[in-house]
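Reviewing the structure listed below.
Within every chain, numbering begins at 1; the chains are lettered A, B, ... in the order of the sequence lines, protein sequences first and strands thereafter. These numbers come from a predicted model, not from an experiment.
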Amino acid sequence: FPAVTEANIMERNMQLAETYLKRYYDLETDGKHFMRRTSSSPFSEKIRQMQEFFGLKVTGKLDSETVRVMQQPRCGVPDVASYS
Amino acid sequence: ITPGRPVWDNTDLTYRILNYTPDMAQADVDRAIEKAFKVWSDVTPLKFTRIYDGPSDIEIAFETGDHGDNSPFDGPDGLLAHAFQPGKGIGGDTHFDDDEKWSKGTNGYNLFLVAAHEFGHSLGLSHSDDPGALMFPNYSNDDPNTFHLPQDDINAIQDLYGPTTNAVKPTGPTTPTICDSKIIFDAIITLRGEIMFFTDRFFWRKHPQTPQAELNFIKSFWSSLPTGIEAAYENPETDQILFFKGSKYWALSGYEVLYGYPKSIYQLGFPKTVKKIDAAVYIEETQKTYFFVGDKYWSYDEERKVLDKDFPREIAEDFPGITQKVHAVFQKNGFLYFFSGQRQYEFSITSKKVMRLMKNNSWLGC
């Protein structure tokens, strides 16, 4: 099978993180991916919030420990505002 | 508490189960839901009555994918369920993702545990950052049969609705904090280079390469182990770990409990006067395991699988300086680390004396 390269894994983790942060931390993306890279981007800011909540090392970066917590099954946060 | 502090105007609430999951018998779903509501009614004046027709305060349904509430589910795993805060219409309603495997036990997601969490939202609670709390967002493999509502959740729900009017005011378990200098560990083991510190339902897992220890539920690693482990040790020769509670012990290899366990400690040769083991440690140099009970200890020959003769011996005689009850012990780099009360003693096996006195949580990065 084609080896899953480091870049694939990174991309997959980024996708996971973006879905997670949109769903649970109201991350808004306008579809552009470059915004994730800078440390002051909304993406990094939301990562920090999530790391803070789960008692992880607050780096704003998508490290393996943060990905591991994002992969855990959890409760959703229904979108009351837009529903009502 | 959910921002805006939404609460129900009255404490007599109704609920209706709109449909069922094919994963469980309907009676088991009914029981899980009823038990989940009881978690909250036990500690507040809240009362929950099931109705079968007409609108109820809390409508319960199993849904999949996009189910029309602007908060679609995501297939197996990931998002398990959600619930709406108190209010009219959809307020309080609870939806379970039926792409999950629901269970009354632990072979799948335990419906009772998830429902109890979701009803917390239906009553106005948000998520807690206490990893031992019911309202912690991630699914925990807690034991549904011995579940007690944690104190963090009791405090929150009583802040909204006040305490129960019952004479008995229930309290709940609290989550140990990593740098609590008063912590007393139940047991400590090394495991393939890591060190695991057990206390109540939890254990801290310290990997040599990570600065911070990670808190886990015992049940999330070994679902068939009891909580409140009293002693444990790793036998690196057999790559097994053994856990002791009362007069029983379990042998595990990795995550699996070996066939035929739990066994009785009396099968190891202990006299009936021994009711439980306080601490245990395997000594690689001699291939002996020491079992500490009260102020004495036994030596067990792992080769011959028998207790050595001329035991028990006084702990203080062979380990000068270790004079109190041993709560936990592990070996590392030629030292034995005895945990006795709130003190940790570094004991040199070769020079047979205590080299250092440390805090119990010195290994946890405190």
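Across B:D97, B:L215, B:N138, the residue that shares the most heavy-atom pairs under 4.5 angstrom with chain A is B:N138.
For B:S128, the part lying near chain A is the backbone, with the side chain staying farther off; criterion is any non-hydrogen pair under 4.5 Å. In this structure, no portion of B:H95 lies under 4.5 Å from any heavy atom of chain A. Interface remark: B:P137 contributes backbone and side-chain atoms alike to the contact with chain A (heavy atom separation under 4.5 Å). If you measure heavy-atom distances from A:E65 to chain B, the contacts under 4.5 Å come from the side chain alone. Of the atoms belonging to B:E214, it is side-chain heavy atoms, and not backbone ones, that fall under 4.5 Å from chain A.
In this structure, CD in A:Q71 is found 10.5 Å from CG in B:D77, a value given to the nearest 0.5 Å. A distance of 9.0 Å separates SG of A:C75 from NE2 of B:H82, quoted to the nearest 0.5 Å. Atom CZ of A:R74 is separated from atom CG of B:L79 by 7.5 Å, given to the nearest 0.5 angstrom. Expressed to the nearest 0.5 Å, how far CZ of A:F53 lies from CZ of B:F136 amounts to 6.0 Å.
Within the 4.5 Å cutoff, side-chain heavy atoms of B:D74 are placed close to those of A:R23.
By the 6.0 Å contact criterion, NE2 on B:H67 is enclosed, its count of non-hydrogen atoms from other residues, nucleotides or ligands being greater than 12. Around atom NZ of B:K206, more than 12 heavy atoms belonging to other residues, nucleotides or ligands sit under 6.0 Å away. Counted within 6.0 Å of NZ on B:K101, heavy atoms from surrounding residues, nucleotides or ligands total more than 12; the atom is thus considered enclosed.
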